[in-house]
Protein chains: 4
Amino acid sequence: MARKTLNIGMVGYGFMGRAHSNAYRTVGNFFDLAYQPVLKAVAARNAEKAAAFAETWGYESIEDDWRRLVEREDIDAIDICTPNDLHAEIAIAAAGAGKMVLCEKPLARTAAEALPMVEAVEKAGVPNLVWYNYRRVPAVSFIKQIVASGKLGKIFHYRSKFLQDWTISPDVPQGGAGTWRLDVGAAGSGVTGDLLAHCIDGAIWINGSIDTLTAMTETFVKQRRNALSGEVQAVGIDDAAAVLTRFANGSLGTFESTRYARGHKALYTLEINGEHGSLAWDLHDLNRVQWFDHRVESALRGWSSILVTDGDHPYLGRWWVPGLSIGYEHSFVHTVADFIEGLSSGKPAAPTFRDALETTQICDAIIESGRSGAWVSAGA
Amino acid sequence: MARKTLNIGMVGYGFMGRAHSNAYRTVGNFFDLAYQPVLKAVAARNAEKAAAFAETWGYESIEDDWRRLVEREDIDAIDICTPNDLHAEIAIAAAGAGKMVLCEKPLARTAAEALPMVEAVEKAGVPNLVWYNYRRVPAVSFIKQIVASGKLGKIFHYRSKFLQDWTISPDVPQGGAGTWRLDVGAAGSGVTGDLLAHCIDGAIWINGSIDTLTAMTETFVKQRRNALSGEVQAVGIDDAAAVLTRFANGSLGTFESTRYARGHKALYTLEINGEHGSLAWDLHDLNRVQWFDHRVESALRGWSSILVTDGDHPYLGRWWVPGLSIGYEHSFVHTVADFIEGLSSGKPAAPTFRDALETTQICDAIIESGRSGAWVSAGA
Amino acid sequence: MARKTLNIGMVGYGFMGRAHSNAYRTVGNFFDLAYQPVLKAVAARNAEKAAAFAETWGYESIEDDWRRLVEREDIDAIDICTPNDLHAEIAIAAAGAGKMVLCEKPLARTAAEALPMVEAVEKAGVPNLVWYNYRRVPAVSFIKQIVASGKLGKIFHYRSKFLQDWTISPDVPQGGAGTWRLDVGAAGSGVTGDLLAHCIDGAIWINGSIDTLTAMTETFVKQRRNALSGEVQAVGIDDAAAVLTRFANGSLGTFESTRYARGHKALYTLEINGEHGSLAWDLHDLNRVQWFDHRVESALRGWSSILVTDGDHPYLGRWWVPGLSIGYEHSFVHTVADFIEGLSSGKPAAPTFRDALETTQICDAIIESGRSGAWVSAGA
Amino acid sequence: MARKTLNIGMVGYGFMGRAHSNAYRTVGNFFDLAYQPVLKAVAARNAEKAAAFAETWGYESIEDDWRRLVEREDIDAIDICTPNDLHAEIAIAAAGAGKMVLCEKPLARTAAEALPMVEAVEKAGVPNLVWYNYRRVPAVSFIKQIVASGKLGKIFHYRSKFLQDWTISPDVPQGGAGTWRLDVGAAGSGVTGDLLAHCIDGAIWINGSIDTLTAMTETFVKQRRNALSGEVQAVGIDDAAAVLTRFANGSLGTFESTRYARGHKALYTLEINGEHGSLAWDLHDLNRVQWFDHRVESALRGWSSILVTDGDHPYLGRWWVPGLSIGYEHSFVHTVADFIEGLSSGKPAAPTFRDALETTQICDAIIESGRSGAWVSAGA
């Protein structure tokens, strides 16, 4: 079967640029899809770095301005891997040019900034997606399947954390290439948009909408040197956030994120407790699901550690054999596979811009409640 | 060395009556103490059950009214193992009679009820203690030692949970012998006083005072049959509670308790993250401490699972040899050992009634914030 | 119900003397039995230490020669807690005097030494037991139950290890109170009789008889100072042993024990693999059974970690509530409970001397094969 | 820097064909190397399947006979991914044609068959490698580094297992595409060459040569249908093998492999115990090393779970950021990277054919001892 080509125009060449590029290059070797991504061009202001990136990954050409990329007729899809403050402008322009748009998460710095993006892609009628990649870790997808099957019955609790420890030293700067996530201007918020956003996206996907929440936020290090200007400036981001929520289904949620939890590198965790069972997962044991089934006979009940590597687990039939695990980057490969599947089937892969707007609204609510101390409505 | 006797008068014969009785009987076989507890008498309204209990445990006599026990001259210490609603009256009477008082936790249903108890024992000048037994699980005591040594540096986070799953069925009644913990009249609150109180006690002990908090509480099952009257009545307790706190030392706390978390029987967990390291523990792996030491050379850093069974771990030199573990009931044995040690040394074992009042004040604040949704001051 | 007394005469006051004494003192508080053990007398050559031991544990009297203990009419049962080289003489004398005999494991240094012991108790018709206590760790008893139920189907593999690390330093002496286990004269063998014997006892109990075996043994430290004489002498014990076996049921066994495995304090492990499932346990997670059930639907299969603390788990109905664990010494309490139960029911608790002889025969075969390198028949 | 091309000719298109092809395609995106592998041609008798494979992976051409591939002048390296019985003929022909040769493990069915292969590549002077991929799982490479650094001191024990459970049903056939590993003619042996060979390779690499061994082997299912002919035939392979070894450095080894261990999909485990510390790893927790450091202060000693995902861990600097894991296939990418590095540096990547011959000799010794029951010399 001859595959159609899907010409990708990438904006940015950082960590996410690599993860996405790898996904485009690899997906066709493992998934049988109607479209084959082609790495057409990468755009970045630093032409030298863009050229090196293009050579490493096999991009056919480079542009030193994303605007030119958006204008090119040979590009089908624009992939936005820039810092958050550029998402909106690029996405709106790309949609306006009739391109499909794939945007790194969070959709934007705030819901106010994100809403026009949603409107732009919907008005243009172009396929669109936000890269909340952890949904497509097979273990997480499997949890979604089990919950959706009703096996857990009524849900009582959802808890999720994302813990890191890399900004504890006050010598870590803010701003610039490696540390723009600490600069509130570029990032919009701290752990809330960067890390909690993943937890929120997963929670909504698995457990449904959040009605109300209250939050505590904190900035432990009050001033940091700016990596670009060298000036010591006030830190505007949240270093840590903890949130209590009430879901629409009546269950209670607890969320926490920080970059000050020694020993945790990228510990995204989630757990859901229902009437008949519970499920848990964490990113440090990427391919394991913890499953408690209350319907097992009493004396034999326990938490099962399911090694999610079998052919009947999500996505795994495409990879190796039972017991052999896959890694972080595969979540991006799966995202591309599903995005392309959505192009073929007409049922768009989630989260679309519209879906992801809800997560950004909740992030806004967290920041707001962190300031006011009050319970706030989580929705629009 | 001849030991002096410490004549115990026990009020109650339930689960805690057994745990305490075992502690009194066992402590002298493993600890070298100046006093030997003697099981002098047990008091309970149900004389038949009291007699059976006395025979099983070797109490020399029984009383069918705790008041008579308090009046007996041959009793040195009154141990209160009744439902929470009786703590205050008994403790105040015992102190008034010049007895030492050991009271099961929580001290009382509310701080308002607890305060006169504190005043009574202090006025009488009698030794007093509240049985927050989990402090004296060796792993927990060891965590306290490490934190107190300063090894963790500045503290950023404390998180603690106590999860159970035994009241999910609406057929579980409230009130009566086995289920008075579900009756708000007898218990004062639900998971807050029964389970979170342990988490709060541990947190204050290890990480210092809590300044302010906000809480979410929920009652999932709104009506239950009363086990005594048979009537279906509104449920007054909190089935679940989640709390965000700010500690006096600037760290952030998250707490949660529920009896609706399938798969968790008695999962008390705690974790503390500091600048230089982190520590974690849970009750289901009673004798293990998880320890992350950031000062280890980078590539070799990891969470160490310390099996707390060696002679240089707290209390363990009194028991077996490395690798051989102890159980739940030993925490009570250690409590008695430390209480007696406190009698000898004149440095009272903690938590005294005064110490434990703080935990009850925080429990009150949780219930209040759960109702109002507002941040509240946690202290008196 | 009035309990009959069971008057215990203890020989020895070391580690095992403590563990057994605690069991006798405690069993009646938790188990409802027809006999109440009474700590009548302890015998030991060192009268001062015996007196201290008697005071700590409440023994009514002391004897400075075990022979006098055996002769006493007020003693019902002799409990042998001496080094291995004294087991035979004491047991045979006790049986000859018509006493019940409870003997620490291994039964004797060799099968040749053990056989007359078996004959003596059988000729005298006295109740007898060997303290292979780990059978009565609830998790191990539970594994036995599951295997016996047939849930695993045909068995393919049994593997068991007992790893320690306390004799790595060549400065550890041999002989004397704390280190007689390193003296081949007192102990009979090294890790084989001390540690592997537990693994073998468990294997036979759970998986049936061993037909043939081959073994590798090693003495890493060739000379040690004798703690009594101060002389440096050749080491006669096996420091490590590894064994391959064929069971009568067609399954394969692998066994290993050593005192040179850094990081393992008392790591007794066992695992059994059958057609339909597998079970595993280790002593460092005393109250957990790992259970894999192949009959669970494919995608949800995993190893379940069963926290063996519920009322429907072996022995646990006598202790606390779900989630609250028990410790090492409880295995001895259960042994006494079952021994007494056996007195009442007429169905003797296992392993009797006869049962335990098989384990000692296998230990002999291991030592023999370790020397010859040949496969040997494991039985008598 | 312009990379030179390394033209690959692949023989076979099965599971290993995919794993190797992915490695060749991916390595240049993450590693900065002097050569860029080019997928020049794939050879297989089934032209249709070869064509499909070529399209999926981007091979430029196909050959229906490996002999033609070997003759092609545009091929630099022959990669052998066939069943074991074809390794020797292809490798010898490829070496004779002056090609580099990369051969799947085990090198051949027996050492007798493998020796001419070693001689052929050495005579031809061509770069050669055997794909013992698990050496290059970062966690395993890291263990090798630590042991080589001397941190463990004198080594006492090495133990390794490889457990699976996929052939328990007697309905699994032998022979044919998916099940040639059960056909002794195609595979040479059962678990010994397929699974234990990995354990042996790792052991020799990490702990040095094995002097002598004794083994037990078993075939649980005696007859199976041949997938090609349909005939029921005797099974010639070993279903399970267990081995005791003595290493040249004086340490003891225990090894086991089976395909009858329910619940274990591909559980390769290894553990090494030295004077000052121990290390352990298993394939189901691919990116974790368990590390016990006896030099840590006594009370804080424990097994550390090192998440091997940091920039200072082997190979990880090329991938993502701390906490984000990689998978099974990356071990092949690392193998290609090191092979190419070896071409540049002139220090060939291990294991070469010569290195891997030793593992095959040990496999032969295991099969021989499994038959004879005697200890055998493990070397040539």
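Basis for what follows: all heavy atoms, side chains included, without hydrogens, waters or symmetry-related copies. By convention in this document, chain letters (A, B, ...) are assigned in the order of the sequence lines, proteins followed by strands, and residues within each chain are numbered from 1.
- Proximity to chain B is absent for every atom of A/Ser372, based on heavy atoms less than 4.5 angstrom apart.
- Among the candidates B/Leu213, B/Thr212, B/Leu244, the single residue satisfying the side-chain contact (heavy atoms from CB on, under 4.5 Å) test with A/Met216 is B/Leu244.
- Your options are B/Thr214, B/Ile168, B/Leu252, and the one with the most heavy-atom pairs under 4.5 Å with chain A is B/Leu252.
- Heavy-atom pairs under 4.5 Å with chain A peak, among B/Lys265, B/Gln290, B/Glu218, B/His157, at B/His157.
- Both the backbone and the side chain of B/Tyr260 come within contact range of chain A, with heavy atoms under 4.5 Å apart.
- Interatomic distance, CD of A/Glu271 versus CZ of B/Arg262, reported as 13.0 Å (0.5 Å rounding).
- For B/Ser304, no part lies under 4.5 angstrom from a heavy atom of chain A.
- In this structure, the portion of A/Phe220 lying under 4.5 Å from any heavy atom of chain B is its side chain and not its backbone.
- Between A/His264 and B/Trp303, the ring-plane angle classifies as parallel under the 30° and 60° cut-offs.
- How far CG of A/Asn273 is from CG of B/Leu163: 7.0 Å, rounded to the nearest 0.5 Å.
- The most heavy-atom pairs under 4.5 Å with chain A, out of B/Gly250, B/Gly302, B/Ala242, B/Ser169, come from B/Ala242.
- Looking only at heavy-atom pairs under 4.5 Å with chain A, the residue among B/Gly274, B/Gly263, B/Ser278 that has the most is B/Gly263.
- Note: A/Thr254 leads A/Ile272, A/Asp293, A/Thr254, A/Leu152 in heavy-atom pairs under 4.5 Å with chain B.
- The candidate from A/Glu275, A/Arg301, A/His276, A/Arg159 with the greatest count of non-hydrogen atom pairs under 4.5 Å with chain B is A/Arg159.
- Chain B forms the most heavy-atom pairs under 4.5 Å with one residue out of A/Gly277, A/Ala374, A/Ala215, and that residue is A/Gly277.
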